[in-house]
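Data block below; observations after.
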2 protein chains.
Amino acid sequence: MIRGDGGRTIRAVLDRICDKWTLLIVATLDEGCLRFTDLHRQIPGISQRMLTLTLRNLERDGLVSRTAYAEVPPRVEYELTPTGRSLIPPALGLAGWAMEHIEEIEASREAYGERPGAGAAGA
Amino acid sequence: MIRGDGGRTIRAVLDRICDKWTLLIVATLDEGCLRFTDLHRQIPGISQRMLTLTLRNLERDGLVSRTAYAEVPPRVEYELTPTGRSLIPPALGLAGWAMEHIEEIEASREAYGERPGAGAAGA
DNA sequence: CAGCATCCCGGGGGATACTG
DNA sequence: CAGTATCCCCCGGGATGCTG
């Protein structure tokens with residue numbers, strides 16, 4: 001179950017992969033080998049700072065491999081490791097759920113606040 | 001696929017359910033109806049502030065229902081809605097992955113830094 | 001018991017500028 | 001091109017205290 005041994009273990013991993021960008025990067029790398037700039041372009045809102053940091057973490061955790069080619073115009077390619085690729089299916093599961101339910105979630109959020117009696121407790 | 005329509009839609013939902021506490025709370029509520037204090041105790045690290053806020057968001061998004069009993073010792077019960085319950089399976093998928101791979105992730109993290117040639121680029 | 005208000009700090013993370 | 005370093009602001013989120 002999700003909470004595992006008191007939630008500790010799972011929390012650790014969840015904290016790691018559930019940040020703002022990790023899943024997006026992993027998902028993007030599902031396409032295959034990509035260079036830094038490619039990733040940067042394919043992931044709209046990300047800053048190169050966060051891209052770098054997140055990639056470093058992913059590399060450190062063994063989910064992504066980094067290959068630098070010592071060429072004059074530097075080229076660095078990022079690719080999912082087998083472990084990283086194994087994250088794709090469950091990530092797809094979550095993404096699937098997200099896509100299936102986003103509309104009712106947003107509808108519910110709209111409705112909220114119109115509540116009879118709900119004091120609309122500030123932001 | 002994960003990135004959906006350019007990543008926008010999915011990002012929205014992911015940002016919502018991937019925060020530090022949401023999945024833990026949903027997981028805990030999988031047990032059934034729980035009162036505020038019960039939740040507070042079952043989720044070790046959480047502050048009542050974050051518990052309240054996260055519950056409010058979950059309620060707002062229609063994943064959790066809140067029932068307040070107008071009794072003298074106030075009693076409020078939280079329960080997963082059908083939508084909320086539908087999140088359990090994919091969440092379990094992710095949790096399963098986390099449990100299966102946490103060891104190699106932590107091992108990989110240990111190994112990192114010992115890299116031959118890796119300039120140990122500061123923090 | 002449930003939970004809102006307030007204070008306050010750390011750090012997540014964007015923008016910008018510089019380097020190999 | 002692929003980063004790194006710096007500045008700096010914002011807000012996540014813990015601690016505490018008060019109310020119904």
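Numbered from 1 within each chain, the chains take letters A, B, ... in sequence-line order. Note that this is a predicted model, so its numbers are computed, not measured.
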May I have the distance from [X] (atom [atom1]) to [N] (atom [atom2]), rounded to whole angstrom?
X: L53(A); N: dG13(C); atom1: CG; atom2: P; result: 9 Å
X: N57(A); N: dG13(C); atom1: CG; atom2: P; result: 11 Å
X: E77(B); N: dC1(C); atom1: CD; atom2: P; result: 15 Å
X: F36(B); N: dG20(D); atom1: CZ; atom2: C1'; result: 15 Å
X: Y69(B); N: dC1(C); atom1: OH; atom2: P; result: 17 Å
X: M50(A); N: dT6(D); atom1: CE; atom2: P; result: 18 Å
X: I43(A); N: dG14(C); atom1: CD1; atom2: P; result: 12 Å
X: H40(B); N: dC4(C); atom1: NE2; atom2: P; result: 14 Å

Is the phosphate of [N] approached by [X] (side-chain N or O, under 4.0 Å from OP1 or OP2)?
X: R49(A); N: dA5(D); value: no
X: R56(A); N: dG3(D); value: yes
X: Y78(B); N: dC1(C); value: no

Kindly determine whether D19(A) and T22(A) satisfy side-chain hydrogen bond (donor to acceptor under 3.5 Å, both in side chains), including the steps that lead there. CA-CA 6 Å; D19(A) 67 72; T22(A) 301; 2.4 Å; yes

Mind checking if Q48(A) touches a base, just sugar-phosphate, or nothing, with heavy atoms under 4.0 Å?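 Here Q48(A) touches the bases of the nucleic acid.
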
Would you mind classifying the nucleic acid contact of P73(A) as base, sugar-phosphate or nothing, using non-hydrogen atoms under 4.0 angstrom?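 No contact.
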
Is a donor from one side chain sitting under 3.5 angstrom from an acceptor on the other, for T83(A) and E104(B)? yes

Of the candidate nucleotides [options], which contains the atom at the shortest distance from the side chain of [X]?
X: P74(B); options: dC1(D), dC1(C), dC4(C); answer: dC1(C)
X: W21(A); options: dG14(D), dA2(D), dG14(C); answer: dG14(C)
X: R66(A); options: dG14(C), dG3(D), dC1(D); answer: dG3(D)

Taking T54(A) for the side chain and W21(A) for the main chain, is one N or O donor matched with an acceptor at less than 3.5 Å? no

I'd like to know if the side chain of T81(B) and the backbone of G62(B) have a donor-acceptor N/O pair within less than 3.5 Å.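 Judged by distance alone, yes, a pair lies under 3.5 Å.
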
Map V72(A) and I46(A) onto DNA chain C by nearest heavy atom, then report which one ends up closer to the 5' terminus.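 Per heavy-atom nearest nucleotide, the more 5' residue is I46(A).
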
E71(B) CD: over 12 foreign heavy atoms closer than 6.0 Å: yes

